[in-house]
Structure formats: structure tokens, C-alpha cells
Amino acid sequence: MAKKKYYAVRRGHKTGIYTEWFGPEGAQMQIKGFPGAQYRGFPTMEEAKAFLQESPPPSQTSLFEDEDHVVVYTDGGAIGNPGPGGYGVVVLSPRGEMRELSGGYRRTTNNRMELMAAIVALEFLDDSSPVVLHSDSRYMVDAINKKWVFGWQKRGWKKADGNPAKNTDLWVRLLQRIATLRVTFRWVKGHAGHQWNERCDELAGQAMARSNLPADTYFESLSDERAATHR
């Protein structure tokens, strides 16, 4: 059984301590869309109460100024793979502030949306703060942490077996951003009840359901045979 958690909202639509994150009466609704929201989860009621009683730090115009590190969660997917796709991003500052980002394309793949989620998150950030990025995409996290992608790049975007690497347009864009940031990639298990991973999944789902989605130009320019390898 999962341990109970207490969510303290110190600055939001309605401040207080909540025992649920999701739902109409959950903590998420109290901070969603609230500029400069301040909140945190705690394992005990006592810690949550102490957080509420602390003097809140002054509101910052930047989420990332003079802070230790930024925590990012990302997710992406596509219906049909390929099919309509979307990505979702949650950016959290150490001060407890949050930003949500999302978008979608009319025809794309799961892996492309996982990569796009990370790209959008990192392009949103400035270069001053270290970043810890969480994703449930083994494809992306392992390729970076096990340095496969750097081998593909050195070989002219070919894998060790000589076959072309997939999604090179997005990998180039992601590596360009990584080169300017202090970023650590961490894998998180998807669909396991993690609040931020679940929120990113929700954002991605909402994005891919929108009407009049733009084209994933690179993917749609591929032949059907080549596109099938980019899943």
C-alpha cells in the first residue's frame, strides 16, 4: 500500500494541507494556473504544517534565478504510432513553482514525442541552473546515459550495425541544447502513479486530442517504409 502523503499549498487559489493531489478538491487544482504558486509534498502532517508556517520567499519573475537545480518531467506518445501525437512537460523550481508545457502533431510517433518533450523543456529553460530531467522513455534516457547517441553522431548518424539512426532531426536539436546546459537524465517508471509523470501523460493526451494539429514536417516527409522505422 502506498504511503500517505500530505500536500501543503502555501501560495495558491486556496492554501492549506491536502491529502490528495488529483481531483476537484486536490492540491493540484489549487496551484494550477496560479502565478508563483508555492507548494510541496511531505510524508507527515507535522512537516506540512511547518512548511505552511514558514515565511514564503519573495516572488521571482524567473523560476530559475539563484536556485540550486530545476526538476523537469516529460512524457510523449502517439495514437496508433504513427498517428496523432502529443507531449507534456512539467517544470518545477526548488521554490515550489511550476510551469506546464504541451503540444502535438497530426501524425508522428511515440519516440518522437518523447524526444520533443525533452527538447521543449530544455529550450524553455535558461542556461544558469542545473537540470534533472525525468522521463519514462528508455529509448531516450538510455541513448544519452549509455552514450549510444554520441556514437551514432560520430558515425554520421549510423548505429553500430551500420543501419541509419532514427529521428536524427530531433537528436541533433536535443544534443545542441544539452551542450549548453548542466542536465542529468533519469528514467522513471511510467503509469506507476508518480504524480508528475501522470500529469505529463495527461498533458500529452490532451494535446494529441486537439483539432487542427500542425504537421511533424520531417516525419511526414519520409516515405512510408522509412517512417515505419521511426516508431
Side-chain angles (χ1 to χ4, degrees), residues 21-22 28 32-33 72-91 98-125 133-146 148-149 152-153 157-159 161-178 183 185-231:
W21 177 253
F22 296 107
Q28 183 191 53
K32 189 174 181 179
V72 174
Y73 286 85
T74 66
D75 197 17
I79 301 171
N81 196 34
Y87 60 83
V89 176
V90 172
V91 180
M98 178 180 72
R99 294 281 181 90
E100 294 181 344
L101 309 168
S102 65
Y105 296 89
R106 66 189 184 191
R107 189 168 185 269
T108 188
T109 69
N110 291 337
N111 284 340
R112 289 183 66 77
M113 291 300 92
E114 296 281 11
L115 289 169
M116 182 58 71
I119 290 167
V120 168
L122 298 180
E123 289 182 346
F124 170 74
L125 301 174
L133 188 149
H134 301 76
S135 169
D136 61 13
S137 171
R138 285 287 193 190
Y139 168 70
M140 179 176 69
V141 174
D142 284 353
I144 293 171
N145 288 344
K146 296 181 180 182
W148 299 335
V149 66
W152 305 339
Q153 185 182 40
W157 294 107
K158 292 186 180 295
K159 297 189 291 185
D161 61 6
N163 289 321
K166 305 171 185 178
N167 305 309
T168 54
D169 61 317
L170 297 182
W171 279 118
V172 168
R173 189 171 163 187
L174 182 58
L175 293 184
Q176 287 174 340
R177 195 67 188 112
I178 291 173
V183 55
F185 284 77
R186 291 181 182 170
W187 180 79
V188 60
K189 186 176 182 180
H191 307 290
H194 190 288
Q195 66 186 74
W196 300 122
N197 177 259
E198 296 290 345
R199 178 56 182 162
C200 288
D201 181 72
E202 181 182 4
L203 290 169
Q206 292 171 352
M208 70 178 71
R210 295 171 188 162
S211 60
N212 300 318
L213 290 172
D216 181 347
T217 307
Y218 177 87
F219 181 75
E220 292 196 14
S221 71
L222 300 175
S223 66
D224 290 343
E225 182 177 354
R226 288 182 64 203
T229 70
H230 281 64
R231 298 182 184 182

message: Any non-hydrogen side-chain atom of Met140 less than 4.5 Å from a side-chain atom of Trp171?
response: yes
statement: In short, Met208 meets Gly77 closest at the heavy-atom pair CE-O, 3.3 Å
query: So which heavy atom on Ala121 is nearest to which on Leu101, and how close?
result: CA-CD1, 4.5 Å
Nearest-0.5 Å distance, CG of residue Leu115 to CZ of residue Arg173: 10.5 Å
message: Check this for me: Asp161, atom CG, are more than 12 non-hydrogen atoms of other residues, nucleotides or ligands nearer than 6.0 Å?
response: yes
query: How far does CG of Asn111 sit from CZ of Arg138, to the nearest 0.5 angstrom?
result: 14.0 Å
- prompt: For residues Tyr139 and Asn110, is any side-chain donor paired with an opposing acceptor at under 3.5 Å?
  reply: no
- prompt: Looking at CZ of Arg107 and OG1 of Thr217, how far apart are the two atoms once the value is rounded to the nearest 0.5 Å?
  reply: 13.0 Å
message: So which atom in Arg112 and which in Leu170 form the shortest heavy-atom distance, rounded to 0.1 Å?
response: O-CD1, 3.5 Å
- prompt: Is the shortest heavy-atom distance from the side chain of Ile144 to the side chain of Ile178 under 4.5 Å?
  reply: yes
query: Rounded to the nearest 0.5 Å, what separation is found between the CZ atom of Arg186 and the OH atom of Tyr73?
result: 8.5 Å
field: Contact summary for Asn197 and Thr74, nearest pair of heavy atoms
entry: ND2-O, 4.5 Å
- request: Measure from the side-chain N and O atoms of His134 to the backbone N and O of Val72, and report whether any donor-acceptor pair falls under 3.5 Å.
  value: yes
- prompt: Quick one: does Phe124's side chain get under 4.5 Å of Val89's, heavy atoms only?
  reply: no
- request: Identify the heavy atoms of Gly103 and Ala207 that sit nearest to each other, and give their distance.
  value: O-CB, 3.2 Å
- prompt: Quick check: does any side chain N or O of Trp157 sit under 3.5 Å from a backbone N or O of Trp152, one acting as donor and the other as acceptor?
  reply: no
- request: Could you pull out the closest heavy-atom pair between Leu213 and Arg106, with the gap in Å?
  value: CB-N, 3.6 Å
- prompt: For the residue pair Trp21 and Trp196, does the interplanar ring angle fall in the parallel (under 30°), tilted (30 to 60°) or perpendicular (over 60°) class?
  reply: perpendicular
Cys200 side, atom SG; Glu114 side, atom CD - distance, nearest 0.5 Å: 9.5 Å
field: Close side-chain approach of Tyr218 to Thr168, heavy-atom, < 4.5 Å
entry: yes
- prompt: Does Gln28 reach the side chain of Arg199, with side-chain heavy atoms less than 4.5 Å apart?
  reply: yes
message: Please check: side-chain N/O of Asp201 versus main-chain N/O of Asp75, any donor-acceptor pairing under 3.5 Å?
response: no
task: Measure the spacing between CD of Gln176 and CG of Leu122 and express it to the nearest 0.5 Å.
output: 12.5 Å
- prompt: Is the backbone of Gly193 close enough, under 3.5 Å, to the side chain of Glu198 for a donor and an acceptor to pair up by distance?
  reply: yes
- prompt: Less than 4.5 Å apart, any side-chain heavy atom of Met116 and any of Tyr105?
  reply: yes
